[in-house]
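The figures that follow rest on heavy atoms only: side chains count, while hydrogens, waters and symmetry mates do not. Along the sequence shown, residues carry numbers from 1.
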Amino acid sequence: QVQLVESGGGLVQAGGSLRLSCAASGRTFSRYAMGWFRQAPGKEREFVAGFSWSGDSQYYVDSVKGRFTISRDNAKNTVYLQMNNLRPEDTAVYYCAARTKRGNVYDRNLYDYWGQGTQVTVSS
């Protein structure tokens with residue numbers, strides 16, 4: 001089992017940047033495929049970025065490609081989401097998630113563990 005704790009959210013103006021961090025407990029962090037999701041008020045939770053099950057590839061929702069970058073540091077048990085050129089439509093609660101199951105990286109039902117979320121608000 002793994003516990004996930006996000007940090008780094010906040011209020012930023014459009015065009016600004018934030019880096020989210022997700023710290024994981026446990027000794028087996030490297031075995032998990034990690035992803036970031038977000039949920040805006042009144043909307044379903046959606047995939048933002050994630051690693052393939054093998055860890056060799058990164059995937060992004062089209063709306064963040066070229067602006068967001070997912071990375072991980074297994075020595076620190078941490079996954080990051082660097083967010084640049086933020087837009088008001090990026091406003092949401094951001095969650096990190098971990099999975100051991102193979103399958104579609106975009107499918108939130110494959111993720112076993114979730115953090116509590118961190119709020120990102122982008123003002124226009």
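- Side-chain N/O atoms of Y80 and R19 include no donor and acceptor closer than 3.5 Å.
- Between the side chain of E6 and the backbone N or O of C96 there is at least one donor-acceptor pair closer than 3.5 Å.
- Under the 4.5 Å side-chain heavy-atom criterion for grouping Ile, Leu, Val, Met, Phe, Trp and Tyr, W53 is not connected to V48 through any hydrophobic cluster.
- Taking hydrophobic clusters as Ile, Leu, Val, Met, Phe, Trp and Tyr residues chained together by side-chain heavy-atom distances below 4.5 Å, V2 shares a cluster with W36.
- The shortest side-chain heavy-atom distance between V120 and T91 does not fall under the 4.5 Å cut-off.
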### Worked verdict on L11 versus Q119 for side chain to side chain contact (heavy atoms under 4.5 Å, CB included)
CA-CA 8 Å; L11 173 63; Q119 176 70 48; over 6 Å; no
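- A distance of 9.0 Å separates OH of Y95 from CD of Q116, quoted to the nearest 0.5 Å.
- Once rounded to the nearest 0.5 Å, the distance linking CD1 of I70 with CD of Q82 reads 12.5 Å.
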### Message
Please determine whether side chain to side chain contact (heavy atoms under 4.5 Å, CB included) holds for the pair F51 and S57, giving the CA-CA distance in whole Å, both sets of side-chain angles, and the decisive distance to 0.1 Å.
### Response
CA-CA 6 Å; F51 287 95; S57 301; over 6 Å; no
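- With hydrogens and angles ignored, the 3.5 Å screen pairs a side-chain donor or acceptor of D112 with a backbone N or O of T100.
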### Working for side chain to side chain contact (heavy atoms under 4.5 Å, CB included), residues L20 and T118
CA-CA 8 Å; L20 305 183; T118 185; 4.0 Å; yes
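- Under the 3.5 Å distance criterion, with hydrogens and angles disregarded, a donor-acceptor pair is assigned to the side chains of S17 and N84.
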### Query
Can V105 and S52 be said to form a side chain to side chain contact (heavy atoms under 4.5 Å, CB included), step by step?
CA-CA 6 Å; V105 66; S52 62; 6.0 Å; no
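- Across L110 and R99, no two heavy atoms sit closer than the pair O-CB, 3.2 Å.
- Rounding to the nearest 0.5 Å places CG of N109 at 9.0 Å from NZ of K101.
- Atom CZ of R38 and atom CZ of R45 lie 13.0 Å apart (nearest 0.5 Å).
- No more than 12 heavy atoms of other residues, nucleotides or ligands sit less than 6.0 Å from atom CD of Q3.
- Of the inter-residue distances, the one linking D73 atom CG with S30 atom OG reads 11.5 Å to the nearest 0.5 angstrom.
- Pairing each heavy atom of A98 with each of M34, the nearest pair is CB-SD, 3.5 Å.
- P88 approaches S124 most closely through the heavy-atom pair CG-CB, 3.8 Å.
- Between the side chain of T78 and the backbone N or O of A23 there is no donor-acceptor pair closer than 3.5 Å.
- Taking CG of L81 as the start and OG of S71 as the end, the distance is 8.5 Å to the nearest 0.5 Å.
- In the model, R87 has no side-chain atom that pairs as donor or acceptor with a side-chain atom of N85 under 3.5 Å.
- For residues 105-124, the pairs satisfying ring-ring contact (aromatic ring centres under 6.0 Å, His included) are Y32-Y113, F37-Y111, F37-W114, F47-Y106, with sequence neighbours left out.
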